[in-house]
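Data first, discussion second: the structure below is written as structure tokens.
Worth knowing before you read on, the calculation uses all heavy atoms, side chains too, and leaves out hydrogens, waters and symmetry mates. Start at 1 with the first residue, then count along the sequence.
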Amino acid sequence: MNILIHDIAVKRNSGGVFTILRQVYEAAKADKKNNYIFVLGSKLFAETNTIKIVVREDLQKNYIKRVLFDFGVGSKQLLEYNPDVVVSMQNTSIFGLRKTKQYVYLHQPLPFQNAFHFVPWVKKEQKLFFYQYVVGSIIKLSLKWNRNSKVIVQSQWLKTELLNRKIKKAEQIVVSYPKLSSTVRVNSQIQTNEKVITLFFPSTAMLYKNHRVVLNALDFLDKEHRDLVNVLFTLSKTEYSNLIGGTVPDQVKLLGRINHEKVLKILSRSTLIFPSQIESYGLPILEAKSLKRPMLVNNIPVLRETVGNYDDVHYFTGSSASDLANEIVRMLKQKNTISEYVSENIDDSEVLEDLIKVITGNSYDKK
């Protein structure tokens, strides 16, 4: 079987989107039964006996050209590779593939949420406005008009949104939950006499990640409680300045980018705070659960889904700093703990193995 993976938009510095593509590549590399063609905007991976890499830098550099390619101009070129299945990893369907089976990996939740409505006249929101309304409209139309394609989503919440908007039918939507790239085993939890709590938010510097509500919540705390709270952001000074501006409060420490191992180490001694207003799933919540850590989580459907039946969680309204402040005070009444754990990395080929099995119709045969 020939599987064509189409992802012109992704770059090596694309964060989680690149991670997903890399994990697909590693799973494909381990497959001894099928052949793969990766159509990319740059040379991200090496070819093997079963993997061909096609680079289209011209499409990555020109968004209009890329849209036209997806909406029919490029289908003839893709069909020359004789694919049995085409997988678009960039949220949009590809038109003109005739009867070739097609999956679309939908990982952009921005056009499907109602928490934020970005505007073009605020400079910080211009790019997000473009993605929400311009790119969002293209995504919705491409999924709705291409009636033969199936959509892969990361949550039941996004599946429900597609159904409610009549974009796809239930049988055309596959829910593939994200998995962690490491297994964590907690050996013990040690209670401490430490009264100060650390609120840790591992996140990128995006407006909708909602860092500001955490800072505003600190202002709602009286001095006695505020002195018992430390906040850790994985932002650089420049990112903080661009995102928030002003002086960094005494209670806040900026860590910049840190590796996954350090994230786990900090989280094992901290409370996860997750105020994000827009998420496709919320992997840090899975990590906090695996470490048996307390959590403060924004009360939105997709994050409640990620939390599941986990008990040690306090929900708050993401737009209300006073509500978050009240939950922080409640957290301060709990005993502080440290989770002693052992972590082992999972082979990248295994993380998305279940997804590859869906795409190949269970014909996946690992080497």
* Quick one: do V252 and V263 end up in the same hydrophobic cluster if we chain Ile, Leu, Val, Met, Phe, Trp and Tyr together by side-chain heavy atoms under 4.5 Å apart? -> yes
* Asked: Which pair of heavy atoms, one from Y131 and one from P111, lies closest together, and at what distance?
  -> O-CG, 4.1 Å
* Asked: Mind checking what makes salt bridge (charged side-chain N to carboxylate O under 4.0 Å, His left out) contact with E239, not counting sequence neighbours?
  -> R257
* Asked: Should I51 and K29 be marked as a side-chain contact (heavy atoms from CB on, under 4.5 Å) after you check the CA-CA gap, both sets of side-chain angles, and the distance that decides it?
  -> CA-CA 7 Å; I51 296 177; K29 198 163 67 169; 4.0 Å; yes
* Co-membership, hydrophobic cluster, residues V196 and L199, 4.5 Å side-chain -> yes
* Asked: So L40 and L21, side-chain contact (heavy atoms from CB on, under 4.5 Å) or not? Walk me through it.
  -> CA-CA 10 Å; L40 308 172; L21 180 65; 3.9 Å; yes
* Asked: With under 30° as parallel and over 60° as perpendicular, where do the rings of F45 and Y25 fit, or are they tilted in between?
  -> parallel
* Asked: Are side-chain N/O atoms of S320 and S322 paired as donor and acceptor at under 3.5 Å?
  -> yes
* Asked: Distance under 6.0 Å and angle within 45° of the ring axis: does R165 meet both against F112?
  -> no
* To do: With side chain to side chain donor-acceptor pair (under 3.5 Å) as the test, would you mind laying out the steps for Q90 and R66 before giving the verdict?
  => CA-CA 11 Å; Q90 52 190 34; R66 190 165 85 225; 4.7 Å; no
* Taking NZ, NE, NH1 and NH2 as the nitrogens, is one of them in D31 or K33 under 4.0 Å from a carboxylate oxygen of the other? -> no
* Supply the atom-to-atom distance L228 CG to L221 CG, rounded to the nearest 0.5 angstrom. => 9.5 Å
* To do: Measure up the F69 and H6 rings against each other and bin them: parallel (under 30°), tilted (30 to 60°), perpendicular (over 60°).
  => parallel
* Regarding R293 and S339, is there a side-chain donor-to-acceptor distance under 3.5 Å anywhere? -> yes
* **Distance-minimising heavy-atom pair for L141 and F95** => O-CZ, 4.5 Å
* Gap separating the NZ atom of K159 from the CD atom of Q154, nearest 0.5 angstrom -> 15.0 Å
* Taking everything shown except K127 itself, do over 12 heavy atoms lie less than 6.0 Å from its NZ? -> no
* Asked: Taking atom types as modelled, is there a side-chain donor on Y133 or H117 under 3.5 Å from an acceptor on the other?
  -> yes
* Asked: With no hydrogens and no angle check, do the side chains of E305 and Y281 hold a donor and an acceptor under 3.5 Å apart?
  -> no
* **More than 12 heavy atoms from other groups under 6.0 Å of NZ on K168** => yes
* **ILVMFWY network linking F274 to F316, side-chain heavy atoms under 4.5 angstrom** => yes
* Any chance CG of N49 has more than 12 other-residue heavy atoms, nucleotides or ligands included, within less than 6.0 Å? -> no
* Structure fact -> Taken in chain and number order and not counting sequence neighbours, the residues that satisfy side chain to side chain donor-acceptor pair (under 3.5 Å) with S42 are none
* If you measure only the distance, is there a donor-acceptor pair under 3.5 Å linking the side chains of D323 and T317? -> yes
* Go through the steps for M89 and Y103 under the test side-chain contact (heavy atoms from CB on, under 4.5 Å), then give the verdict. => CA-CA 8 Å; M89 299 293 294; Y103 289 94; over 6 Å; no
* Structure fact -> d(D312 CG, K292 NZ) to nearest 0.5 Å is 11.5 Å
* Asked: Taking atom types as modelled and ignoring hydrogens, do the side chains of N298 and E279 form a donor-acceptor contact shorter than 3.5 angstrom?
  -> no
* Structure fact -> Taken to the nearest 0.5 Å, the spacing of I5 CD1 from I359 CD1 works out to 5.5 Å
* What side chain to side chain donor-acceptor pair (under 3.5 Å) pairs are there with at least one residue in residues 136-145, not counting sequence neighbours? -> none
